[in-house]
Structures are given as C-alpha cells and as structure tokens.
Asks: 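My structure is below; once you've seen it, I'll send some questions.
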Amino acid sequence: MKLLEDRVIIVTGVGAGLGRAYSLDLSRHGALLVLNDIDEEGLAETDRQIRARGGRAVARVGSVCDWDHATSLVDTAVASSGRLDGIVNNAGIHYVVPSVHDTPERMRQVMETNVLGTQYTGTAAIRHMVASGRGGVVLNVSSGAASGMASIASYSASKGAVASLTWSWALELREDGVRVNAIDPAAYTVQVEHTMAVRPSPVTWSPDRIAPLATYLVSDLSASVTGQVVRRWGDDLHLMSHHGPMAPWLSDPGWTVEKLDRAFRTELSDHLQSYGRDMRKYVPFPGTAGPPGAEE
Ligand SMILES: NC(=O)c1ccc[n+]([C@@H]2O[C@H](COP(=O)([O-])OP(=O)(O)OC[C@H]3O[C@@H](n4cnc5c(N)ncnc54)[C@H](O)[C@@H]3O)[C@@H](O)[C@H]2O)c1
C-alpha cells in the first residue's frame with residue numbers, strides 16, 4: 001500500500017519548478033492529483049510526466065486568482081473520485097525591485113496571486129473538507145523572505161500573509177480535522193533564476209529535494225503536525241518561529257512618550273529582535289546599548 005494510495009490532492013502552479021516536483025512525488029506515492037496552472041504548456045508537460053510514470057491526474061488550466069476556477073478545482077476532485085483529501089497551494093510569483101521603484105500594478109499582482117490565490121483555492125478546499133466531515137490537509141507555500149528581505153518587500157509581505165493565514169486556519173480548523181501547515185522551500189527555479197548572483201548547485205538546490213517534505217506534510221505520517229512553517233534550505237530542515245508577544249511584558253495604565261522611551265532604553269533594550277531572512281543581528285540605535293553581542 002502506497003503512502004498516499006486513494007488520496008485526492010489538488011496542487012496549484014504545477015507547470016514548472018517546485019509545483020512539478022511536488023506533483024511527481026505525490027503521484028509516485030499513489031495520490032490522484034488535480035493539477036492547476038495558468039501556463040497551459042507547462043501544465044500539460046507535468047500531466048504527461050505523471051502519466052508516463054503510471055500516475056493519475058486531471059489537469060485544469062486557470063488562475064488561482066479566479067474564485068470560480070478555485071471552486072472548479074474542488075468540483076473536479078470530487079467529480080473524479082468523490083473526495084478531496086488535500087491541497088498544496090504552491091502557485092506564486094516573485095519579483096525583485098527596490099521599494100522606491102515598486103509600482104501599484106506589480107504590488108497588486110503579487111498580492112493577488114500569492115495571497116488571494118492561496119485564500120481562494122484554500123477556502124474552496126476547506127469548505128469541502130469541513131462540509132464532508134472528513135477533514136483534510138492544507139499545505140501552503142510561504143518563504144524565508146517573510147522574515148524580511150531587502151528589495152523584495154512586496155513578495156516578502158505576501159509570503160508573511162501566507163504564514164499568518166496558515167496559523168489562523170490551523171487554529172480555526174483544528175476541531176474539523178483539517179491540518180494546515182506551510183513550507184518555506186529554497187530551490188533553483190525559473191522564479192529565482194534572475195535574482196541569484198551566483199548560479200547555485202543544481203543538485204543541492206533541485207526542486208526534487210524539497211518534494212519529500214510536501215509529501216510528508218500531506219500524508220498521515222504528519223497527523224500530529226499542524227500550524228507549522230517548515231523550512232528546507234540546502235541540506236537543512238528547520239521550523240520557523242512563530243511571532244507573538246514575548247517577555248518582558250511591561251504594564252502601565254498610561255504609557256506616555258517619556259515612559260515608552262524609558263522602557264526602550266531599559267527593560268526592552270536587551271530584547272530588541274533580530275530581523276530579516278538572514279537573521280542579521282539587531283543594530284542598535286545610536287546612543288543605546290542594544291542586545292548583548294549586537295553587531296553590524
Ligand atoms: N524557488 C524558491 O527558492 C522559492 C523559495 C520560497 C518560496 N517559493 C515559492 O514556491 C512556489 C513555487 O515557486 P517556483 O520557484 O517553483 O516558481 P516557478 O515560477 O518555477 O513556478 C510557479 C508556477 O506557478 C504558476 N502560476 C503563476 N501564477 C499563477 C496563477 N495565478 N494561477 C496558477 N498558476 C500560476 C506559474 O505558471 C508557474 O508554473 C511559489 O509560491 C514561490 O513563491 C519558491
């Protein structure tokens with residue numbers, strides 16, 4: 001019995017890169033797939049590769065930003081097999097530009113694809129999972145860039161939204177048996193080709209190396225894992241921390257500017273946080289000590 005035998009899983013953005021790699025691995029483990037992409041040729045090629053290896057798939061061209069298309073993916077899964085077990089919200093776009101040169105059109109496009117697209121296809125899927133009473137699995141795709149990255153602020157914000165969506169859905173749908181996690185992949189694909197100064201090793205950074213993590217998080221092997229953002233970077237695997245309130249928790253009935261200034265210079269000074277994808281050490285404001293070990 002294969003790991004995903006009889007499971008029906010929607011995967012979006014499968015026409016290239018990571019989406020194709022996830023699809024091939026999910027199929028290899030026995031899943032019946034509903035495949036999506038706006039790129040008809042890329043979609044057909046992934047479909048062909050799956051069938052050539054004896055897998056089963058139904059391909060649907062369309063945009064994840066289109067609500068009717070999102071719901072039709074769920075309808076396709078149910079029509080094909082009477083069930084939907086999981087969705088991998090992989091479709092996404094990316095661009096690099098210093099924020100001062102960003103444009104409203106590009107900002108809107110990246111938010112529509114990465115955030116609304118994930119919300120549309122994800123919501124269509126969870127509606128079915130909850131109504132069916134069988135639950136299911138949602139795997140979103142965030143990015144290490146969500147921690148902050150220069151010159152891709154809009155993309156980073158969109159992936160931060162995907163992480164927040166993951167935590168909110170995980171909380172809300174726990175009782176309905178729907179698990180929700182996100183993956184922070186890193187792979188050499190068309191999407192990142194133009195943003196890398198050095199061409200990385202095609203072996204170390206192959207999308208195929210990320211795919212087992214998607215398969216694991218969709219399978220019952222990860223039945224106790226929900227609300228997690230999991231990062232694969234080169235040879236590394238790690239969880240991303242969840243941001244929430246942290247100690248020291250100061251309390252005062254009237255926080256004036258002066259009291260706030262004192263708090264930042266005293267109790268909070270040692271706790272100012274690192275930020276950015278590379279977890280750069282916090283650089284203190286002039287005249288303040290900053291946390292121990294703070295450095296440029
Ligand atoms: N490659 C990386 O290192 C990396 C890192 C972090 C996150 N990601 C995320 O992983 C996902 C896949 O990235 P990739 O590197 O394979 O990119 P890619 O550009 O190679 O593939 C993305 C696919 O999504 C499709 N797509 C774009 N807009 C769509 C839409 N509106 N509807 C349906 N399909 C659409 C594209 O046609 C393409 O086939 C994206 O969400 C990306 O942001 C990638």
Side-chain angles (χ1 to χ4, degrees), residues 10-25 34-47 49 59-73 87-96 106 108-122 124 138-149 152 154-163 165-166 181-196 198-202 204-211 213-214 217 229-234 236 240 277-278:
I10 298 170
V11 190
T12 68
V14 304
L18 286 156
R20 177 172 293 160
Y22 299 152
S23 304
L24 290 169
D25 204 60
V34 175
L35 306 172
N36 149 274
D37 208 290
I38 38 170
D39 169 12
E40 198 167 345
E41 262 181 47
L43 176 65
E45 175 57 21
T46 302
D47 190 25
Q49 289 189 23
R60 291 286 180 267
V61 184
S63 172
V64 292
C65 311
D66 174 355
W67 172 254
D68 289 339
H69 179 70
T71 57
S72 79
L73 294 174
I87 182 164
V88 181
N89 285 313
N90 166 75
I93 57 171
H94 171 272
Y95 66 95
V96 179
R106 278 191 296 210
R108 176 179 291 277
Q109 201 187 4
V110 80
M111 290 298 170
E112 278 183 354
T113 309
N114 297 0
V115 185
L116 270 187
T118 302
Q119 286 179 282
Y120 282 5
T121 51
V138 177
L139 182 59
N140 292 329
V141 178
S142 183
S143 166
S147 303
M149 204 171 160
I152 55 170
S154 295
Y155 173 81
S156 302
S158 76
K159 293 299 186 178
V162 171
L165 195 60
T166 303
N181 293 294
I183 193 170
D184 278 7
Y188 186 62
T189 63
V190 174
Q191 184 169 115
V192 294
E193 194 173 30
H194 304 298
T195 66
M196 289 181 158
V198 181
R199 198 184 171 95
S201 152
T204 309
W205 301 94
S206 157
D208 300 344
R209 296 186 81 217
I210 312 290
L213 179 59
L217 288 171
V229 180
V230 188
R231 189 166 186 237
R232 271 284 282 110
W233 176 263
D236 300 341
M240 296 296 282
R277 188 191 66 159
D278 303 325

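All residue numbers in this chain count up from 1 along the given sequence. For ligands, and for the atoms within them, numbers begin at 1 and follow the listed sequence.
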Asks: Any atom of ligand 1 sitting under 4.0 Å from a heavy atom of T12?
Replies: no
Asks: Taking non-hydrogen atoms only, is N36 closer than 4.0 angstrom to ligand 1 via side chain, backbone, both or neither?
Replies: side chain
Asks: With a 4.5 Å limit on heavy-atom distance, are the side chains of L165 and Q119 in contact?
Replies: yes
Asks: Is a side-chain N or O of K159 found less than 3.5 angstrom from the main chain of G144, in a donor-acceptor match?
Replies: no
Asks: In terms of heavy-atom contacts, does CD of Q109 have more than 12 from other residues, nucleotides or ligands at under 6.0 Å?
Replies: no
Asks: What are the atoms of ligand 1, with element, lying closer than 4.0 Å to any heavy atom of A16?
Replies: 20 (O), 39 (O)
Asks: Once you restrict to heavy atoms under 4.0 Å, what part of L18 touches ligand 1? Side chain, backbone, both or neither.
Replies: both
Asks: If hydrogens are left out, which of D39, D37, V14 has an atom nearest to atom 38 (C) of ligand 1, that is, the closest non-hydrogen atom?
Replies: D37
Asks: Hey, does M240 have a side-chain heavy atom less than 4.5 Å from the side chain of D184?
Replies: yes
Asks: What heavy-atom pair brings G19 and V11 nearest, and what distance separates the two atoms?
Replies: O-CG1, 4.2 Å
Asks: May I ask which of S143, P207, P185, A145 has a heavy atom nearer to atom 5 (C) of ligand 1 than the others do?
Replies: P185
Asks: Between D37 and V14 (side chain of the first, backbone of the second, donor and acceptor by atom type, cut-off under 3.5 Å), is there such a pair?
Replies: yes
Asks: Mind checking whether G144 has a heavy atom under 4.0 Å from ligand 1?
Replies: no
Asks: Determine whether a donor-acceptor pair (N or O, by modelled atom type, separation under 3.5 Å) exists between the side chain of N181 and the backbone of L139.
Replies: no
Asks: When you compare ligand 1 with A187, is there at least one nitrogen or oxygen pair between them that comes in under 3.5 angstrom?
Replies: yes
Asks: Heavy-atom contacts with S63 under 4.0 Å: which atoms of ligand 1 show up? List them by number with element.
Replies: 30 (C), 31 (N), 32 (N)
Asks: Residues in side chain to side chain contact (heavy atoms under 4.5 Å, CB included) with A157, at least two apart?
Replies: M111
Asks: Say whether V64, considering both its backbone and side-chain N or O atoms, lies within less than 3.5 Å of an N or O atom on ligand 1.
Replies: yes
Asks: Measure the spacing between OG1 of T12 and CG of L43 and express it to the nearest 0.5 Å.
Replies: 11.5 Å
Asks: Report yes or no: does a heavy atom of Y188 sit under 4.0 Å from some atom of ligand 1?
Replies: no
Asks: Would you mind finding which of V88, N90, T121 brings a heavy atom closest to atom 41 (O) of ligand 1?
Replies: N90
Asks: Can you name the closest pair of heavy atoms from T113 and I93 and give their distance?
Replies: OG1-CD1, 3.6 Å
Asks: Heavy atoms only, cut-off 4.0 Å: how does K159 contact ligand 1, side chain, backbone, both, or neither?
Replies: side chain
Asks: Which atoms of ligand 1 are found less than 4.0 Å from any heavy atom of G17?
Replies: 16 (O), 20 (O)
Asks: Heavy-atom contact under 4.0 Å between G42 and ligand 1?
Replies: no
Asks: Between V141 and ligand 1, which residue portion shows a heavy-atom distance shorter than 4.0 Å: side chain, backbone, both, or neither?
Replies: side chain
